Amino acid sequence: MQRTRADVFEQIFLVFLGLGALVGIIVIAYTLYNAYKYRDTGEADEGDDLPSLGELPTGGQGGKKLFLSFGISAVIVISLVIWTYAALLYVEDPGDGAKSAQEDALNVEVTGDSFAWFFEYENGIESTSTLRVPAGERVWVEATSGDVWHAFGIPDQRVKADAIPGEYDETWFQADESEAGQQQEIKCFELCGEYHTSMVGTLQIMDADEFDQWMDEQLTMAFTIEDQNGSRVTEGYELTLESQESDFEGSYTADEFDNGTIEVSDIEQAGKYNVTIEPTDGQFEPVENQFDMTGPVEETYTLEMNATERTANESETNDGGSA
């Protein structure tokens, strides 16, 4: 079971709290015990060897008690420092072995700009103000800024990363599976200007299946083909879709459209796409377009008749009018 950042910091807190309480109880109890044992009752016998004012205390078995107490304290403190350092190294980089912790994680680029947070997932999908993540999965964050210094932070996840123009600060977090369905606040931890306090966002923790469904919805394109009269065109063309940033390329004939509309849902990478609509019967002019996909796409294209078809239609219309 992978530990979250919150788990690590909670464990460190509990260990320090427990040891601090234990040491405090021992010291206070020992002090009270000695204060009671060696209290002045005013009943000293004449033969008792009482210390005089300014005399150094004797006893303690030649300093053995003092040496033992310092030795035990040193062992406890050094062990605590080593254990804490190891825990913080895990927080710095939770990767195990030669495999990078970022390879199988969800990677998100976070940009602070104009008192708002902008999120871009590794597949090119973008979101503003709301960062959606799956519960139980590690999320790596690369924080930067588009204007001034900010600091990206999620208090409930014990996350903080500097967002500095021209630089990237990496960190990670992992929401516990029990937190699925929760919304947590994203804040700016750097005084960045007049609207610093309003620079907030939302961390939406989703069930893994729900997150996958949401991401599939973001990677969806819908194309509608119409003629100049606004009527759906159902035949006589082929649509080609090509990504500029991946090896995706798909072709769809008019037969695959449903009343002039087709939905493409096998997209894996957002970004810039080229669309070409080629006539298959010479009736329409070809159409070329380019768009930048950052979320669900709905495009409508109007097909214009080519010059020959347009002239023929005009002639038929004129002939019909003369008759």
Side-chain angles (χ1 to χ4, degrees), residues 1-28 68-110 112 117 119 121-122 131-144 149-164 167-190 200-208 211:
M1 184 69 180
Q2 294 178 340
R3 291 188 297 168
T4 67
R5 294 174 65 99
D7 290 337
V8 174
F9 285 114
E10 182 180 5
Q11 191 176 31
I12 292 175
F13 170 76
L14 292 176
V15 169
F16 272 81
L17 179 64
L19 282 177
L22 179 62
V23 170
I25 291 172
I26 293 174
V27 170
I28 293 174
L68 182 61
S69 62
F70 271 106
I72 294 176
S73 300
V75 171
I76 293 175
V77 170
I78 293 174
S79 300
L80 192 60
V81 168
I82 294 174
W83 175 81
T84 304
Y85 184 71
L88 293 178
L89 283 179
Y90 175 82
V91 171
E92 186 70 20
D93 184 3
D96 47 357
K99 194 171 185 178
S100 171
Q102 293 182 255
E103 290 182 1
D104 295 328
L106 177 66
N107 289 268
V108 182
E109 182 177 313
V110 179
W117 295 109
F119 309 101
Y121 296 85
E122 56 189 327
L131 174 60
R132 294 173 175 84
V133 301
E137 183 175 334
R138 215 170 259 159
V139 180
W140 273 90
V141 171
E142 280 192 344
T144 188
W149 284 35
H150 301 285
F152 174 77
I154 309 174
D156 291 332
Q157 297 296 328
R158 310 298 190 268
V159 174
K160 178 182 178 296
D162 293 328
I164 302 173
E167 298 185 13
Y168 288 89
D169 187 16
E170 291 185 345
T171 188
W172 68 278
F173 69 93
Q174 180 178 327
D176 193 84
E177 293 184 356
S178 63
E179 296 176 318
Q182 292 185 15
Q183 290 186 346
Q184 298 177 357
E185 191 175 31
I186 297 173
K187 294 183 177 182
C188 179
F189 288 161
E190 184 82 27
V200 296
T202 301
L203 175 67
Q204 178 68 57
I205 304 173
M206 308 172 72
D207 181 76
F211 175 81

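In this text, all values refer to a predicted model and were calculated from it rather than measured experimentally.
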What class does the angle between the rings of Tyr90 and Trp172 fall in, given that below 30° is parallel, 30 to 60° is tilted and above 60° is perpendicular? perpendicular
How would you list, by chain and number, every residue that makes a side chain to side chain contact (heavy atoms under 4.5 Å, CB included) with Val91, sequence neighbours excluded? Arg5, Val8, Phe9
What is the minimum heavy-atom distance between Pro134 and Ala208, and which atoms define it? CB-CA, 4.1 Å
Quick check: do Phe173 and Ile154 have side-chain heavy atoms less than 4.5 Å from each other? yes
Hey, could you give me the CD1/CD distance between Ile186 and Gln204, rounded to the nearest 0.5 Å? 10.5 Å
Output for pair (Glu170 CD, Asn107 CG), nearest 0.5 Å, gives 8.0 Å
Quick one: are Glu185 and Val200 in side-chain contact, heavy atoms under 4.5 Å? yes
Any heavy-atom pair between the side chains of Tyr121 and Arg132 that's under 4.5 Å? yes
Hey, are the side chains of Thr144 and Val110 touching, using non-hydrogen atoms and a 4.5 Å cut-off? no
CE on Met206 to CD on Gln182, rounded to 0.5 Å: 14.0 Å
Per-pair distances, 0.1 Å, donor-acceptor, side chain in residues 16-25, under 3.5 Å, sequence neighbours excluded:
none

Run the side chain to side chain donor-acceptor pair (under 3.5 Å) check on Gln157 and Glu179 step by step: do they pass? CA-CA 11 Å; Gln157 297 296 328; Glu179 296 176 318; 3.1 Å; yes
So, taking the atom named NZ in Lys187 and the one named CZ in Phe152, what distance separates them when rounded to the nearest 0.5 Å? 13.0 Å
Taking all non-hydrogen atoms of both residues into account, name the closest pair between Ala135 and Ile205 and its distance. CB-CG2, 3.8 Å
Take Leu106 and Phe211 through the side-chain contact (heavy atoms from CB on, under 4.5 Å) test and state the conclusion after the steps. CA-CA 12 Å; Leu106 177 66; Phe211 175 81; 3.8 Å; yes
Who passes side chain to side chain contact (heavy atoms under 4.5 Å, CB included) against Ile72, sequence neighbours left out? Leu68, Ile76
Within-4.5 Å side-chain heavy-atom neighbours: Pro94 and Trp140: yes
If I compare all heavy atoms of Ser178 with all of Asp176, which pair ends up nearest, and what's the gap? OG-OD2, 2.6 Å
Is there a donor-acceptor contact under 3.5 Å from the side chain of Glu10 to the main chain of Asp7? no
For Ala151, what residues pass the side chain to side chain contact (heavy atoms under 4.5 Å, CB included) criterion, not counting sequence neighbours? Lys160, Asp162, Phe189, Glu190
For residues Val108 and Leu131, determine if any side-chain heavy atom of one lies less than 4.5 Å from a side-chain heavy atom of the other. yes
So CG of Asp169 and CD1 of Ile164: to nearest 0.5 Å the spacing works out to 7.0 Å
Minimum side-chain heavy-atom gap Val133-Leu203 below 4.5 Å: yes
Return the set of residues passing side chain to side chain contact (heavy atoms under 4.5 Å, CB included) with Asp156 (not counting sequence neighbours), or none when no residue passes. Gln184
Quick one: list whatever passes side chain to side chain donor-acceptor pair (under 3.5 Å) with Gln11, sequence neighbours left out. Arg3
